[in-house]
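Right, one structure below, let's go through it.
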Amino acid sequence: MEERFDHRNIEPKWQKYWQERRLYKTITDKSAKKFYCLEMFPYPSGKIHMGHVRNYAIGDVIARYKRMQGYNVLHPMGWDAFGMPAENAAIKHGVHPSKWTHENISYMKSQLNKLGLSYDWDREVATCTPEYYKWNQWFFIKMLQKGLAYKKTSYVNWCRSCATVLANEQVIEEKCWRCDSTVVQKELEQWFLKITHYAEELLSSSDELTGWPEKVVIMQKNWIGKSQGLEVDFRIDGMAESIRIFTTRPDTLFGATFLCLSPKHPLSGRLVSDKAELEKIIAHYGKEDEKAGLNTGHFCINPMNNEKIPIYVANFVLMEYGTGAIMSVPAHDQRDFDFAKKYNLPIRVAIIPPTQPSPSRGEGEGGGGSALSQAFEEDGILVDSGSFTGLKSSDAQATIAEFVEGKGLGKRVINYKLRDWGISRQRYWGTPIPVVYCDVCGIVPVPEEDLPVILPEDVKFTGTGGSPLLESESFLHTTCPSCGGKARRETDTMDTFVDSSWYFIAYCLKQGNGDWGFGISEKNNPDTSPESLTPNPLNYWMPVDQYVGGVEHAVLHLLYSRFFTRVIRDLGLISYSEPFRNLLTQGMVIKDGAKMSKSKGNVVDPDYLIERYGSDTSRLFSLFAAPPERDLEWSDKGVEGAYRFLNRIWAIVYKNRNALCVKGNESKDSNELWVMGNGLKDENSSRITHHASRLLRKTHQTIKKVTTDIEREYHFNTAIAALMELVNEMNSFEPGDSKDMQIMKFAIENTLLLLSPFTPHITEELWAHIGHDASISEKSWPAWDEELVREEEIELVIQVNGKLRGKLMIPCDLTEEEIKARALGDRKITEVIGAKKVRKVIVIKGRLVNIVIGE
RNA sequence: GCCGGAGUGGUGGAAUUGGUAGACACAAGGGACUUAAAAUCCCUCGUUGGCAACAGCGUACCGGUUCGAGUCCGGUCUCCGGCACCA
């Protein structure tokens with residue numbers, strides 16, 4: 001055995017050992033209890049960063065821990081391999097996106113292996129391979145058949161710099177989520193996936209996501225944005241048509257003093273004669289600058305009071321939400337209030353606070369709103385509202401809605417903020433959308449048996465805009481699957497979020513080289529043979545038991561995945577609805593108070609770290625320095641501390657190597673050690689020394705602490721702290737006789753077992769040095785003995801009037817009366833009490849005594 | 001503005017059900033070993049007063065409940081994250 005710990009030798013050695021023995025290969029075995037541990041797969045950008053190290057270290061500890069507990073663990077890894085950086089690299093450096101991507105994958109895979117992550121690489125998927133994206137296309141066709149995929153012309157978010165469309169979720173403060181350039185509106189024909197079909201289900205079942213952080217669930221709920229309201233028709237004065245508006249405040253209907261149309265509302269074009277003015281409003285559509293409006297000169301009739309009110313076009317009214325038209329109640333909506341002030345429109349109060357006395361008739365008549373400095377948006381009592389005057393807001397909402405419905409003037413509706421998912425991208429490096437355009441037959445889906453539609457490799461990357469697929473003659477021209485005539489392929493590709501919406505399912509199906517074992521193809525019913533020895537892998541492995549990743553995907557990827565899982569369920573392929581049972585969102589890795597980034601120059605290179613300190617140290621530090629869900633402040637000094645800790649363990653084993661590695665000197669099981677430990681209770685017994693019994697107890701306490709800390713939402717930092725305490729205890733223990741050494745060995749073995757999920761290499765090495773043949777990762781997780789966890793003596797804290805006044809060592813089996821007597825008998829305490837009267841004594845067994853005294 | 005979350009030593013962080021605030025680590029200071037340094041080991045380490053035993057103060061701030069509050073309740077401030085004209 002080497003005297004010094006040398007990670008450079010040890011880590012590659014054990015990585016090779018695991019690989020050669022295929023220790024982490026997983027098979028679908030119905031008799032075993034399963035655990036699916038998944039970390040978000042990376043985009044192969046070139047190199048991994050510290051965020052990956054942290055993410056994958058967390059996942060790996062969980063996977064290794066569950067494996068030791070006897071679970072059949074699925075722990076796969078793959079590549080989110082389509083995307084724009086590959087294409088940008090092609091434009092900039094002339095490398096084909098495919099080559100660039102595969103080279104990055106190969107390098108990053110070697111990095112992940114250097115971290116000692118226990119993946120089953122036989123299940124590796126890369127989304128840019130035809131074997132993978134074939135199924136993107138298959139899902140698309142299925143959705144097309146079910147009416148869940150459709151094409152429509154609409155205004156879309158367009159990024160000039162990326163020359164492509166962005167989904168709403170990819171626009172952050174009017175900027176592109178990737179390149180940060182300003183997003184403009186452009187009218188285009190686009191493919192959409194009908195996620196709104198599942199809006200209600202995604203919302204209502206989000207309450208069942210009890211294993212998710214609450215904030216993620218709330219973010220999704222807000223994103224779906226359900227609201228109940230009323231649609232009401234306002235007849236246009238002098239025309240046959242009416243305008244349908246949507247409101248969540250029917251109680252304020254009598255306060256409407258004008259009506260606003262979205263500039264994109266079909267009627268806007270007809271009611272406005274000055275098209276140039278309308279264009280000006282459209283230019284400010286949806287922008288967060290000042291409100292801009294345009295008087296159409298037309299009027300409509302408020303059906304509640306038959307009042308004539310003007311119709312405006314307003315830039316802030318969204319066509320995508322509700323009906324694209326609103327009634328404006330400036331007295332009770334701040335936006336309408338601002339608009340009314342700007343354009344000098346009347347303000348009429350229809351609701352007053354319950355505490356305010358009713359205005360006299362005279363005041364009410366005039367509208368009473370001119371005195372307002374801002375809108376009163378809360379609920380209250382209705383005034384000037386015809387027969388509804390005097391009602392409370394909450395009652396009036398229902399009553400007025402019934403009235404409107406009864407008169408046939410409108411209906412109650414539920415609206416969602418969630419929009420359908422636009423998936424068309426005018427880009428090359430993505431999944432081709434499998435449809436063709438035929439002059440005779442129109443839009444024709446590519447037949448399932450012709451999938452995949454292969455992305456052609458012979459294209460040029462000029463970067464001058466437009467999809468390279470438009471230039472590929474061989475790809476573009478095809479025949480119509482329906483009539484056999486000439487046809488043209490769709491040249492748009494899919495949003496890469498489609499790829500990641502079901503990759504967790506792909507892992508379950510893939511079992512090795514090219515073999516997908518794809519039970520979900522065509523007519524294959526998933527549960528035809530429930531007793532079969534090879535169960536449907538989807539129903540066995542799914543859902544994911546633990547998903548680990550960054551919170552930045554709270555509404556994007558995580559919502560799309562929930563949507564896709566439901567689509568796949570409704571295709572009859574699986575029987576559950578939620579893909580991820582438990583979700584852990586890990587915090588960012590920050591340095592000098594900021595997220596690591598090249599521009600800030602505060603990045604830590606994982607390659608350097610692994611070379612210098614090794615992967616065990618890197619993993620240990622990133623797990624020790626903060627609990628997983630919190631941001632992790634990087635500290636070079638802290639890494640050295642973790643390294644020192646591993647060296648200390650090494651030194652302990654080295655120091656005791658001769659005594660420890662003697663074969664046949666296997667450590668006693670806990671029963672036998674319990675007997676030894678018990679012997680100590682008898683004061684005359686010298687079976688084991690006081691020191692040894694303390695170490696034995698500490699070992700059992702540590703097994704318990706580490707286990708419960710991991711179970712308690714993966715509090716690795718405190719679990720590691722407990723192991724450090726145990727190592728400190730071992731350090732101060734000098735084994736004398738063979739009994740001492742047995743206990744020392746027991747402590748060391750358990751330390752290594754408990755530490756092995758965190759730092760798998762050094763624990764394998766030391767495990768071998770103390771005389772074991774098999775891999776430590778195949779051992780069972782240790783168990784503790786509750787008898788041996790318990791202390792014989794405890795430190796009793798004595799408080800007087802809640803203030804700490806003394807401490808006393810007492811046997812832990814004293815009765816309450818005895819404890820009380822000892823506390824009151826303590827010399828220091830009697831001094832403090834003095835002549836004062838003891839009013840009350842509170843005894844908390846095993847913890848403290850509080851003596852309440854008074855005059 | 002709305003919805004979340006968080007404020008604890010010089011620093012990262014502990015304190016699991018209301019019961020010893022500061023585990024564990026980093027940094028700092030002192031010491032041992034060494035010709036010297038590195039490494040390692042030992043000691044000190046919230047703050048104020050005191051040689052000391054000890055005492056006072058202390059978990060963003062103010063108040064409340066309680067024998068007892070970092071933890072529960074009410075209010076205030078600050079920071080972070082998400083959403084943001086969704087009618």
Side-chain angles (χ1 to χ4, degrees), chain A residues 4 172-173 213-219 221-223 225-227 229-230 245-249 252 260 262 286-291 314-318 320-329 332-336 338-339 377 415-419 551-552 554-555 587-588 621 624-627 629-642 644-645 647-648 651 705 708-709 711-713 715 717-725 727-728 731-732 795-807 828 839-854:
Chain A
R4 301 200 58 87
I172 293 146
E173 287 175 2
E214 211 184 330
K215 78 168 168 180
V216 176
V217 176
I218 289 168
M219 280 165 76
K221 281 184 179 173
N222 291 342
W223 192 265
K226 179 180 182 172
S227 60
L230 186 68
I245 59 98
F246 173 74
T247 180
T248 54
R249 290 292 302 271
T252 65
C260 285
S262 168
K287 293 261 173 67
E288 247 199 275
D289 25 305
E290 211 185 324
K291 291 179 177 45
N315 71 323
F316 68 90
V317 180
L318 305 173
E320 292 82 5
Y321 184 75
T323 58
I326 59 165
M327 65 161 183
S328 290
V329 186
H332 305 298
D333 184 292
Q334 191 58 38
R335 294 159 301 183
D336 296 343
D338 296 341
F339 193 86
E377 295 186 318
N415 270 324
Y416 300 92
K417 285 202 260 181
L418 184 71
R419 312 280 157 76
V551 73
E552 65 272 19
V555 282
M588 292 184 303
F621 173 74
F624 173 65
E629 71 280 0
R630 240 198 273 183
D631 283 351
L632 169 70
E633 172 76 36
W634 195 262
S635 155
D636 293 333
K637 293 288 183 185
V639 175
E640 284 182 32
R644 274 201 290 272
F645 171 66
N647 274 289
R648 273 203 294 278
K705 170 91 176 138
T708 52
D709 279 354
E711 291 296 332
R712 188 168 56 97
E713 291 174 55
H715 280 205
N717 55 331
T718 50
I720 293 166
L723 282 160
M724 287 173 167
E725 284 187 54
V727 168
N728 290 344
N731 239 342
S732 60
E795 190 182 50
L796 181 74
V797 168
I798 308 169
Q799 295 182 338
V800 177
N801 284 349
K803 286 200 173 191
L804 178 72
R805 293 298 173 189
K807 291 174 184 179
K828 262 193 65 187
R839 295 183 178 278
K840 203 171 170 186
V841 179
I842 292 140
V843 179
I844 308 296
K845 269 203 105 177
R847 289 213 173 252
L848 58 71
V849 172
N850 189 14
I851 300 161
V852 185
I853 61 172

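All heavy atoms count here, side chains included; hydrogens, waters and symmetry mates do not. All chains are named by letter (A, B, ...) in the order of the sequence lines, taking the proteins before the strands, and each is independently numbered beginning at 1.
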What pairs of nitrogen or oxygen atoms, one from the protein and one from nucleotides 15-19 of chain B, lie under 3.5 Å apart?
from, atom 1, to, atom 2, distance (Å)
A15(B), OP1, Arg712(A), NH2, 3.2
U16(B), O4, Lys705(A), NZ, 2.9

Once you apply a heavy-atom cut-off of 4.0 Å, does Asp336(A) come out as touching a base, just sugar-phosphate, or nothing? nothing

Nearest-angstrom distance, P atom, G10(B) to G18(B): 29 Å

Can you tell me how far C1' of U66(B) sits from NZ of Lys840(A), to the nearest Å? 9 Å

Would you say Lys291(A) reaches A87(B)'s phosphate, i.e. side-chain N/O to OP1/OP2 under 4.0 Å? no

Could you tell me how far apart Asp333(A) (CG) and C85(B) (C1') are, to the nearest whole angstrom? 9 Å

Measure CD1/Ile218(A) against P/C3(B) and give the value in whole Å, please. 11 Å

With both distances under 3.5 angstrom, what nucleotide forms a Watson-Crick or G-U wobble pair with C45(B)? none

Close side-chain approach of Val216(A) and Val551(A), heavy atoms under 4.5 Å: yes

A23(B) pairs with, by Watson-Crick or G-U criteria that keep both distances under 3.5 Å: none

Reckon Glu795(A) touches a base, only the sugar-phosphate, or nothing at all at heavy-atom distances under 4.0 Å? base

Between U16(B) and A23(B), how far is it from one P atom to the other, in whole Å? 15 Å

Write down the distance separating the P atoms in G29(B) and A37(B), rounded off to the nearest Å. 15 Å

Does Lys807(A) reach a base, just sugar-phosphate, or nothing at all? Heavy atoms under 4.0 Å. base

Using a 4.0 Å heavy-atom cut-off, does Lys215(A) contact any base of the nucleic acid, only the sugar-phosphate backbone, or nothing at all? sugar-phosphate

Are any of the side-chain heavy atoms of Asn801(A) and Val852(A) separated by less than 4.5 Å? yes

Distance check: side-chain N/O of Arg630(A) vs OP1/OP2 of A14(B), anything under 4.0 Å? yes

Compare the minimum distances between each of C85(B), C24(B), A87(B) and the side chain of Glu725(A), then state the nucleotide with the smallest one. C24(B)

Spacing between Arg839(A) atom CZ and U66(B) atom C1', to the nearest angstrom: 17 Å

Separation of Phe624(A) atom CZ from U11(B) atom P, in whole Å? 17 Å

In whole Å, measure the gap between the P atoms of G70(B) and G19(B) for me. 10 Å

For Asn647(A), report the nucleic acid contact type (base, sugar-phosphate, nothing); a contact means any heavy atom under 4.0 Å. nothing

Please determine if a side-chain N or O atom of Arg644(A) lies less than 4.0 Å away from the OP1 or OP2 oxygen of A39(B). no

Contact class for Gly641(A) (heavy atom, under 4.0 Å): base, sugar-phosphate, or nothing? sugar-phosphate

On the nucleotide A55(B), are OP1 or OP2 found under 4.0 Å from the side-chain N or O atoms that Arg805(A) carries? yes

Send over the distance from Asp338(A) CG to G1(B) P, rounded to a whole Å. 14 Å

Is Asn717(A) near enough to A14(B) that one of its side-chain N or O atoms lies under 4.0 angstrom from OP1 or OP2? yes

Identify the nucleotide, in any strand shown, that forms a Watson-Crick or G-U wobble pair with U59(B), with both distances under 3.5 Å; if there is none, say none. none

Applying a 4.0 Å non-hydrogen cut-off, can you work out what Val317(A) is touching in the nucleic acid: base, sugar-phosphate, or nothing? base

Pairing partner (Watson-Crick or G-U wobble, both distances under 3.5 angstrom) of A69(B): none

Nearest-angstrom distance, C1' atom, G13(B) to C2(B): 32 Å

Any strand is fair game: report the nucleotide pairing with G81(B) by Watson-Crick or G-U wobble, both distances under 3.5 Å, or none. C3(B)

In Watson-Crick or G-U wobble terms, both distances under 3.5 Å, what is the partner of A37(B)? none

Inter-nucleotide P distance (A84(B), U48(B)), Å rounded: 49 Å

Check whether NZ of the Lys or CZ of the Arg Lys291(A) lies under 6.0 Å from the centre of the six-membered ring of Phe316(A) and within 45 degrees of that ring's axis. yes

Whole-Å distance between C67(B) P and Ile851(A) CD1? 16 Å

Quantified in whole Å, what is the C1' atom distance between nucleotide C85(B) and nucleotide U11(B)? 44 Å

When the C1' atoms of G1(B) and C72(B) are compared, how many Å lie between them, rounded to an integer? 30 Å

Mind calculating the distance between CG (Leu318(A)) and P (A84(B)) to the nearest angstrom? 11 Å

Considering every strand and a 4.0 Å limit on heavy-atom distances, what is the contact class for Ser227(A): base, sugar-phosphate, or nothing? sugar-phosphate

